[in-house]
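To start, the structure under review is shown below, and the notes come after it.
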Protein chains: 2
Amino acid sequence: MTAQRRVVAEVLDGDHVHLTADEVHARAVAKLPEISRATVYNTLGELVSLGEVLEVATDKRAKRYDPNAHRPHHHLVCAQCGAIKDVHPTGNPLSDLPTSERFGYTVSDVEVTYRGLCPDCTAA
Amino acid sequence: MTAQRRVVAEVLDGDHVHLTADEVHARAVAKLPEISRATVYNTLGELVSLGEVLEVATDKRAKRYDPNAHRPHHHLVCAQCGAIKDVHPTGNPLSDLPTSERFGYTVSDVEVTYRGLCPDCTAA
DNA sequence: AGCCGACACTGGACATTGTCCAAGTCGCAT
DNA sequence: ATGCGACTTGGACAATGTCCAGTGTCGGCT
């Protein structure tokens, strides 16, 4: 556990938000000015490998990192402003996929992204 | 309807696959050598706006384009080799999201990505 | 037929995101 | 103190996507 990794972990624990790698880097720099982008990417990659953090692909541009890796959940994304909320749907989508639709795959995980407009963008 | 747009549309109709923008460009060049990347991107963007083609974000690296826009479906992705299949789960995930979990959003769409290993990668 | 204007296309520069690598630095065990 | 190994750094590079100015093409009008 080096100073750099601690800073990255702190950034992610800080708020429960969904930051891009660049945003993580920006916030890490605020705490430890000499941290490099490469280190942030390395550390994020390690956290993902360790299962401490999830990569989410709600945004097509950049990966986002979700520190809430220990409780399964899905995401609700505003199509306009990009705001992201964690949601917990009822039911289990895995059981909605019949064997005949699995094409011999070993299905282990499912990722659900709801899209819509957040209250602010609905009003606007 | 210009020659360039026709070529892009033909590439997508050709097989029912999930191509990246670059793959679309490569195949378009085979049919019309002087087509430029910018035109492919523009045309893909227009097709998406028209609802003729869907952007899918199964891959974190590049957007893929799915010409099967008229029947709702979801995707099953091999975590190792990236192979993508269209699947049709039973049930409707939209109804699995209670009002209390919508945070005032106007939810209009849901995207489900199953992940696992395809038969080849399971064997290997 | 010839001109004109609108629109699409081209090619390349640029931006963003992410990966890689060689060299430097730090801490720890000896 | 010294040496080893792991971590970090900074920058180069790669992949993907966007933007823009210049050029070409096509239809309509005279």
Side-chain angles (χ1 to χ4, degrees), chain A residues 1-12 17-50 52-67 75 77 79-82 84 113, chain B residues 1-12 17-50 52-67 75 77 79-82 84 113:
Chain A
M1 179 58 68
T2 66
Q4 286 79 1
R5 293 185 191 190
R6 188 168 26 78
V7 166
V8 170
E10 281 174 11
V11 166
L12 286 172
V17 288
H18 303 78
L19 299 169
T20 64
D22 243 29
E23 288 166 350
V24 172
H25 179 228
R27 298 194 184 199
V29 165
K31 294 179 182 228
L32 186 73
E34 292 319 309
I35 195 169
S36 78
R37 281 192 330 131
T39 298
V40 171
Y41 277 101
N42 287 341
T43 306
L44 287 173
E46 286 168 29
L47 290 172
V48 170
S49 298
L50 293 172
E52 294 296 318
V53 164
L54 290 179
E55 263 176 16
V56 299
T58 54
D59 186 326
K60 288 174 192 69
R61 210 168 74 241
K63 294 176 192 170
R64 291 180 176 273
Y65 292 88
D66 186 339
H75 293 108
V77 182
Q80 191 157 337
C81 71
I84 302 176
T113 304
Chain B
M1 177 58 70
T2 66
Q4 287 79 2
R5 294 183 192 190
R6 187 168 26 78
V7 166
V8 171
E10 281 174 13
V11 166
L12 287 172
V17 288
H18 302 79
L19 299 169
T20 64
D22 243 29
E23 287 164 350
V24 172
H25 179 229
R27 297 193 185 201
V29 165
K31 297 179 181 230
L32 187 70
E34 293 317 310
I35 195 170
S36 78
R37 281 192 330 129
T39 297
V40 172
Y41 278 101
N42 286 342
T43 305
L44 287 173
E46 285 169 28
L47 289 172
V48 169
S49 299
L50 293 172
E52 293 296 316
V53 164
L54 289 180
E55 263 176 16
V56 298
T58 55
D59 186 326
K60 289 176 192 66
R61 211 168 71 242
K63 294 176 192 170
R64 291 181 177 272
Y65 291 88
D66 187 338
H75 293 107
V77 182
Q80 191 156 339
C81 71
I84 302 175
T113 305

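Order of the sequence lines sets the chain letters (A, B, ...), proteins ahead of strands, with each chain counted from 1. Since the model is a prediction, treat every value here as computed from it, not as a measurement.
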Among the candidates C:dT10, D:dT16, C:dT17, find the nucleotide nearest to the side-chain atoms of A:Ala62.
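My answer, after comparing the listed nucleotides, is C:dT17.
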
Taking the side chain of A:Ile35 as its heavy atoms from C-beta onward, which of D:dT9, D:dG17, C:dG18 lies nearest to it?
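Nearest to the side chain of A:Ile35 among the choices is D:dT9.
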
What is the distance from [atom1] of [X] to [atom2] of [N], rounded to the nearest Å?
{"X": "B:Asp22", "N": "D:dG17", "atom1": "CG", "atom2": "P", "value": "7 Å"}
{"X": "A:Arg6", "N": "C:dG27", "atom1": "CZ", "atom2": "P", "value": "12 Å"}
{"X": "A:His25", "N": "C:dG18", "atom1": "NE2", "atom2": "C1'", "value": "13 Å"}
{"X": "B:Glu23", "N": "D:dT16", "atom1": "CD", "atom2": "P", "value": "9 Å"}
{"X": "B:Glu55", "N": "D:dT16", "atom1": "CD", "atom2": "P", "value": "15 Å"}
{"X": "A:Glu34", "N": "C:dG24", "atom1": "CD", "atom2": "P", "value": "18 Å"}
{"X": "A:Leu19", "N": "C:dG18", "atom1": "CG", "atom2": "P", "value": "12 Å"}

Taking OP1 and OP2 of [N], is either one under 4.0 Å from a side-chain nitrogen or oxygen of [X]?
{"X": "B:Tyr41", "N": "D:dT18", "result": "no"}
{"X": "B:Thr2", "N": "C:dC9", "result": "yes"}
{"X": "A:Thr39", "N": "D:dT9", "result": "yes"}
{"X": "B:Arg61", "N": "D:dT16", "result": "yes"}
{"X": "A:Lys63", "N": "C:dT19", "result": "yes"}
{"X": "A:Gln4", "N": "D:dT9", "result": "yes"}

Checking side chain to side chain contact (heavy atoms under 4.5 Å, CB included) for the pair B:Leu44/B:Leu12: CA distance, chi angles, key distance, verdict?
CA-CA 10 Å; B:Leu44 287 173; B:Leu12 287 172; 3.9 Å; yes

Report the residue (A:Arg37 or A:Asn42) whose heavy-atom-nearest nucleotide on DNA chain D is the more 5′ of the two.
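Closest to the 5' end, via its nearest nucleotide, is A:Asn42.
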
Side chain to side chain contact (heavy atoms under 4.5 Å, CB included) for A:Asp66 and A:His75? Distances and angles first, verdict last.
CA-CA 10 Å; A:Asp66 186 339; A:His75 293 108; 2.9 Å; yes

Should B:Glu55 and B:Tyr65 be marked as a side chain to side chain contact (heavy atoms under 4.5 Å, CB included) after you check the CA-CA gap, both sets of side-chain angles, and the distance that decides it?
CA-CA 5 Å; B:Glu55 263 176 16; B:Tyr65 291 88; 3.5 Å; yes

